[in-house]
Engineer: 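Got a structure for you, written out below as structure tokens; questions coming shortly.
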Protein chains: 2
Amino acid sequence: MSDAVRTAEKRMDDAARAAWLYFIGGKTQDEIAGQLDLSRQAVQRLVALAVSEKLIRFRLDHPIAACMELASRLTDRFELQFCDVIPGDAQAPGSIAGVAVAVAMRLERLLTNKAPMVLCVGTGRTMRTAVEEMDTLDRPQHKIVSLVGNMASDGHASPYDVVMRLADKLGAQRFPMPAPVITETIEDREALQGQRVFTLLSELRAQARASFVGVGEIGWNAPMHRDGFMTDADVSALAEQGAAGEITAWSFDAAGRVLQGPINDRVASLPLECPPQRLTVIAGSGPSKIVPIRAALAGHLASALVTDEATASAILSN
Amino acid sequence: MSDAVRTAEKRMDDAARAAWLYFIGGKTQDEIAGQLDLSRQAVQRLVALAVSEKLIRFRLDHPIAACMELASRLTDRFELQFCDVIPGDAQAPGSIAGVAVAVAMRLERLLTNKAPMVLCVGTGRTMRTAVEEMDTLDRPQHKIVSLVGNMASDGHASPYDVVMRLADKLGAQRFPMPAPVITETIEDREALQGQRVFTLLSELRAQARASFVGVGEIGWNAPMHRDGFMTDADVSALAEQGAAGEITAWSFDAAGRVLQGPINDRVASLPLECPPQRLTVIAGSGPSKIVPIRAALAGHLASALVTDEATASAILSN
DNA sequence: CACTTCTGCGAGCAATAGCTCAACAAAAAT
DNA sequence: ATTTTTGTTGAGCTATTGCTCGCAGAAGTG
């Protein structure tokens with residue numbers, strides 16, 4: 001055995017000793033320095049070494065641990081500003097309740113701020129439930145802006161009227177989008193977007209602090225289809241193009257690239273920002289959301305995620 | 001489930017989250033506070049809670065870990081100033097080399113000090129080897145004092161001449177004890193102790209910074225007997241009285257009480273200090289030392305211990 | 001319903017840990 | 001043998017953490 005190796009081993013022994021005394025023995029570095037007859041700095045270096053060499057390991061005995069781990073990996077992998085992973089609820093697997101509460105908490109935290117703020121919202125079951133979970137809060141200074149219409153082209157409205165409900169909770173100013181989600185024709189869309197209100201919404205969005213949106217899958221029985229925003233033909237055409245999901249009706253492929261084509265050409269929602277110019281939170285959980293969320297994150301269509309444990313795990317295991 | 005329990009659970013969740021971010025995520029408490037929207041102090045309390053509730057556990061992946069654990073338990077149990085536990089050496093089990101090196105390091109550390117110092121030493125194989133392991137060090141200002149004679153009553157000397165060897169290493173002043181370990185009669189001992197040199201040794205010991213001694217078992221083939229310091233009759237008598245071990249020839253029982261009786265009445269060594277008035281290190285390892293060391297520690301005959309992993313473990317499992 | 005008790009909070013401050021830098025020493029290269 | 005390089009050290013400084021205290025709201029009590 002070489003002398004260098006011996007020295008290195010001795011160093012590791014000392015590092016292990018120092019780390020033991022520090023973390024397990026709960027002593028200060030000064031005390032350890034006295035005990036091992038080293039300078040305090042030497043002890044600090046040994047402790048740092050033990051940590052960086054993984055001699056000392058931290059283990060968290062709590063269900064939250066797995067969630068934190070997943071959240072951390074998602075944040076790193078997709079460069080997110082934050083990621084909330086809700087522990088899988090044994091009582092109600094597949095329920096969106098947990099995720100909705102987490103979104104509600106994020107909304108409350110943000111909106112508690114007294115400085116006037118513009119907040120954009122999408123639609124969907126998760127967003128709607130999240131708003132219901134929120135406490136009422138008196139914030140008339142805020143502005144709630146819809147990123148997406150809530151009518152089908154036949155004029156009937158989706159029940160997920162997120163802007164209005166959220167603005168009600170706050171007593172805030174509301175800016176719904178008086179338009180279908182997807183128009184009948186490209187001309188219809190162009191006509192709509194020529195209107196004053198669209199310019200206003202666009203300007204408001206530019207000032208917005210954050211956007212909170214759901215994420216949907218593309219397929220039969222997907223919300224977009226079930227609620228009549230998309231026809232059977234639309235769904236088929238999108239599937240053909242490799243659509244992996246949609247946010248505020250904008251369909252994108254598995255890499256998160258917004259699709260070019262006859263359906264997106266008729267989407268009246270405010271355009272997706274890629275990369276996001278402000279905090280952009282997507283929320284969703286369940287097996288059907290795995291592919292859409294993964295795609296949206298891969299394409300940097302969002303800068304934050306709220307989901308549950310099972311979904312988070314599945315998103316990472318591709 | 002009561003509301004109080006829910007709140008407590010929520011608190012633990014938060015504590016777990018904070019602890020995860022702090023220890024595993026490596027973030028500062030300030031960053032965590034921002035992320036969880038709490039004050040820094042709240043985060044510090046949560047982290048402390050997680051530690052105190054053992055939500056977060058530290059594990060050291062290194063052979064030293066077991067030694068540190070044993071050392072810590074011994075230090076607590078017997079109120080020691082320090083305890084060095086040397087990792088069990090798979091190559092040389094039962095060897096005293098490791099322990100001797102550790103004692104040598106302790107001696108070097110202490111004696112490196114430039115301020116003049118008095119150091120008392122006992123005898124024995126471990127002490128002798130320890131001194132051999134030491135580097136030479138120029139410290140003529142120190143004084144090395146023997147706690148024990150090194151002659152049998154027939155006049156032949158033990159080969160473990162620790163004082164002289166140690167003083168040689170240091171160029172230090174030496175104060176051997178010119179006497180048998182155990183005298184023939186009580187009168188002999190009294191005569192010896194009336195001599196000027198005994199008073200001097202006593203005074204020196206009173207000024208000593210530390211004592212380093214070995215610990216011996218009582219029985220046939222024990223060093224005291226093999227080297228002729230004790231007769232067969234002495235050993236039998238001591239065994240009868242429940243002797244569990246000896247330090248500088250003073251025999252004590254399993255509770256560490258120094259025995260009263262015809263053998264200790266003839267011991268010429270300086271008396272044991274109980275409780276020790278200075279750092280008093282006992283060193284030893286091996287199956288035969290388990291009982292003597294345990295007894296010595298139980299009776300607070302020493303304030304520090306150097307031993308090996310197997311012996312430490314055995315001392316604790318009684 | 002008023003009052004007391006108690007828990008938990010944040011501010012401020014003291015203690016502890018981490019970082020940077022200049023100096024030095026050992027190893028490598030010339 | 002001398003110079004260069006590389007790595008290690010402790011001092012000094014800054015950032016981070018932990019502790020104490022007074023206060024405020026919740027819980028309990030007469």
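Please read all numbers here as calculations on a predicted model, not as lab measurements. Proteins get letters first, then strands, A, B, ... in listed order; numbering begins at 1 in each.
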Engineer: More than 12 non-hydrogen atoms from neighbouring residues, nucleotides or ligands closer than 6.0 Å to CE on B:M117, yes or no?
Structural biologist: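 Yes, enclosed.
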Engineer: With sequence neighbours left out, write down each residue that passes salt bridge (charged side-chain N to carboxylate O under 4.0 Å, His left out) with B:E309, or none if nothing qualifies.
Structural biologist: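 Testing B:E309 for salt bridge (charged side-chain N to carboxylate O under 4.0 Å, His left out), a comparison that skips the adjacent residues, returns none.
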Engineer: Would you mind listing every salt bridge (charged side-chain N to carboxylate O under 4.0 Å, His left out) that reaches into residues 47-67 of chain A, with sequence neighbours excluded?
Structural biologist: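 Qualifying pairs: A:R57-B:D61, A:R59-A:D61, A:D61-B:R57.
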Engineer: Holding to salt bridge (charged side-chain N to carboxylate O under 4.0 Å, His left out), I want the full list of residues that pass it with B:R40, two or more places apart in sequence or in another chain.
Structural biologist: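 Partners of B:R40 by the salt bridge (charged side-chain N to carboxylate O under 4.0 Å, His left out) criterion come out as none, since no residue qualifies.
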Engineer: Bend across the helix from C:dC1-D:dG30 to C:dT30-D:dA1, to 10°, with axes taken over 5 pairs at each end?
Structural biologist: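 Axis-to-axis angle, ends of the helix: 30°.
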Engineer: Under 3.5 Å, sequence neighbours excluded: what are the donor-acceptor pairs made by side chains of residues 30-37 of chain B?
Structural biologist:
residue : atom : partner : partner atom : Å
B:E31   : OE1  : B:T28   : N            : 2.9

Engineer: Under the ring-ring contact (aromatic ring centres under 6.0 Å, His included) definition, can you give me all pairs with a residue in residues 33-61 of chain A, not counting sequence neighbours?
Structural biologist: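 Qualifying pairs: A:F23-A:F58, A:F58-B:F23, A:F58-B:F58.
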Engineer: Looking at residues at least two apart in the chain, or sitting in another chain, which of them share a side-chain contact (heavy atoms from CB on, under 4.5 Å) with A:A310?
Structural biologist: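 Testing A:A310 for side-chain contact (heavy atoms from CB on, under 4.5 Å), a comparison that skips the adjacent residues, returns A:D308.
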Engineer: Do any side-chain atoms of residues 64-71 of chain A form donor-acceptor pairs under 3.5 angstrom with protein atoms, and if so which ones, sequence neighbours left out?
Structural biologist:
none

Engineer: I'd like the 5' and 3' limits of the part of DNA chain D contacted by chain B, with heavy-atom contacts below 4.0 Å.
Structural biologist: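 First-to-last contact on DNA chain D, by the 4.0 Å heavy-atom rule, is D:dT16 to D:dT20.
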Engineer: Could I get the full list of side-chain contact (heavy atoms from CB on, under 4.5 Å) partners for B:A172, not counting sequence neighbours?
Structural biologist: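 Applying side-chain contact (heavy atoms from CB on, under 4.5 Å) to B:A172 gives B:H142, B:I144, B:L170.
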Engineer: Keeping to residues at least two apart or across chains, list the salt bridge (charged side-chain N to carboxylate O under 4.0 Å, His left out) pairs with something in residues 70-84 of chain A.
Structural biologist: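 Of all non-adjacent pairs touching residues 70-84 of chain A, those that pass salt bridge (charged side-chain N to carboxylate O under 4.0 Å, His left out) are A:D84-A:R106.
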Engineer: Give the B/S/- string for nucleotides 14-20 of chain C, one per nucleotide from 5' to 3', where a protein heavy atom under 4.0 Å of the base yields B, of only the sugar-phosphate yields S, and otherwise -.
Structural biologist: --SBB-B
